[in-house]
Amino acid sequence: GAHIALNAAYLEPGRFSALWLDGMQAQRISDFPQQQNFREQFATAINLMIFKISLAYLRMPAPPAFIEILPVLDQPEIVLIAGGLDDFERRANQQYALVAGENVEFWLIEDAYHVGGSSAVSEEYRARMLDFFAATLGE
């Protein structure tokens with residue numbers, strides 16, 4: 001869902017006022033955090049092959065990397081949420097937060113896996129989400 005929402009905001013500028021992006025991972029190889037071990041190097045190589053096969057089969061380029069999209073979006077307001085127990089997700093979103101504009105807030109939920117924040121810190125998650133949308137979209 002986060003991937004689709006961010007791509008939609010990129011492809012339809014001005015259409016969205018707020019995005020709650022929980023669990024965003026990678027869209028292109030340049031989104032992958034620096035590989036830290038052989039397992040990650042292997043996963044990156046496999047994904048690169050998948051992307052190249054998809055390009056050849058679909059005959060259309062993939063959308064830009066998230067690391068390229070986030071810095072150019074000054075609208076909508078965005079919250080990136082990452083589970084701290086998912087190392088790849090945490091590192092990917094930390095690098096997104098570094099390049100994103102002032103309209104992007106990053107929330108790392110330390111004790112959550114991929115999209116597990118709503119269970120790990122359910123009351124805080126609910127409150128932050130409602131406050132974000134109320135502040136961005138109005139009561």
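Within the structure, salt bridge (charged side-chain N to carboxylate O under 4.0 Å, His left out) contacts touching residues 103-124 (residues at least two apart or in different chains) are Glu105-Arg128, Glu124-Arg128. Sorted by first and then second residue, the pairs that involve residues 29-49 and meet salt bridge (charged side-chain N to carboxylate O under 4.0 Å, His left out), not counting sequence neighbours, are Glu40-Arg91. Residue pairs meeting the side-chain hydrogen bond (donor to acceptor under 3.5 Å, both in side chains) criterion with at least one partner in residues 4-15, sequence neighbours excluded, are Asn7-Gln27. Residue pairs that meet the salt bridge (charged side-chain N to carboxylate O under 4.0 Å, His left out) test with at least one member in residues 49-65, sequence neighbours left out, do not exist here.
Here Trp20 pairs with Tyr125, Phe132 under the ring-ring contact (aromatic ring centres under 6.0 Å, His included) rule; sequence neighbours left out. Considering only residues two or more places apart in sequence or on other chains, His3 meets the ring-ring contact (aromatic ring centres under 6.0 Å, His included) condition with Phe66. A search for side chain to side chain donor-acceptor pair (under 3.5 Å) contacts involving Gln35 returns Thr44, not counting sequence neighbours. Considering only residues two or more places apart in sequence or on other chains, Glu68 meets the salt bridge (charged side-chain N to carboxylate O under 4.0 Å, His left out) condition with none of them. With sequence neighbours excluded, the residues forming a salt bridge (charged side-chain N to carboxylate O under 4.0 Å, His left out) with Arg90 are Asp87, listed by chain and number. Residues satisfying the side chain to side chain donor-acceptor pair (under 3.5 Å) test with Asn93, not counting sequence neighbours, are none.
Atom OG of Ser17 is separated from atom CD of Glu77 by 9.0 Å, given to the nearest 0.5 angstrom. Within the model, atoms CD of Glu89 and CG of Leu80 stand 10.5 Å from one another, a figure rounded to the nearest 0.5 Å. Summarising the geometry, atom CG belonging to Leu70 is positioned 5.5 Å from atom CD1 belonging to Ile78; distances are rounded to the nearest 0.5 Å. Interatomic distance, CD1 of Ile67 versus CG of Leu98, reported as 8.0 Å (0.5 Å rounding). To the nearest 0.5 Å, the span separating CD1 on Ile69 from CG on Leu6 amounts to 5.0 Å. Atoms OG and CD1, on Ser118 and Ile109 in that order, are 8.0 Å from each other to the nearest 0.5 Å.
A continuous path of ILVMFWY side-chain contacts below 4.5 Å connects Val104 to Phe106, so both sit in one hydrophobic cluster. In the hydrophobic clustering of this structure, Ile50 groups with Phe42; members are Ile, Leu, Val, Met, Phe, Trp, Tyr whose side-chain heavy atoms approach within less than 4.5 Å, directly or through other members. Note: the hydrophobic cluster containing Phe133 does not contain Phe16 (ILVMFWY, side chain heavy atoms under 4.5 Å, direct or indirect links). Under the 4.5 Å side-chain heavy-atom criterion for Ile, Leu, Val, Met, Phe, Trp and Tyr, Val72 and Leu11 are members of the same hydrophobic cluster.
Between Ile81 and Met129 there is no side-chain heavy-atom pair separated by less than 4.5 Å. Between Leu108 and Gln94 there is a side-chain heavy-atom pair separated by less than 4.5 Å. Contact of the His114 side chain with the Gln25 side chain is registered, since non-hydrogen atoms from C-beta on lie closer than 4.5 Å. In this structure the side chain of Leu21 never reaches within 4.5 angstrom of the side chain of Tyr96, judged on heavy atoms.
Taking all atoms of both residues into account, the shortest heavy-atom contact from Gly117 to Ala112 is N-CB, 3.6 Å. Closest of all the heavy-atom pairs between Ala92 and Pro33 is N-CG, 3.6 Å.
Summarising the hydrophobic clusters (Ile, Leu, Val, Met, Phe, Trp, Tyr; side-chain heavy atoms under 4.5 Å, direct or chained), the residues clustered with Tyr113 are Leu85. Grouped with Phe88 in one hydrophobic cluster are Ile29, Phe32, Leu48, Phe51, the linkage being side-chain heavy-atom contacts under 4.5 Å among Ile, Leu, Val, Met, Phe, Trp and Tyr residues.
In the displayed structure, Ile4 atom CD1 is contacted under 6.0 Å by at most 12 heavy atoms of other residues, nucleotides or ligands.
Under a 3.5 Å cut-off, the side chain of Asp74 and the backbone N or O of Gly101 do not form any donor-acceptor pair.
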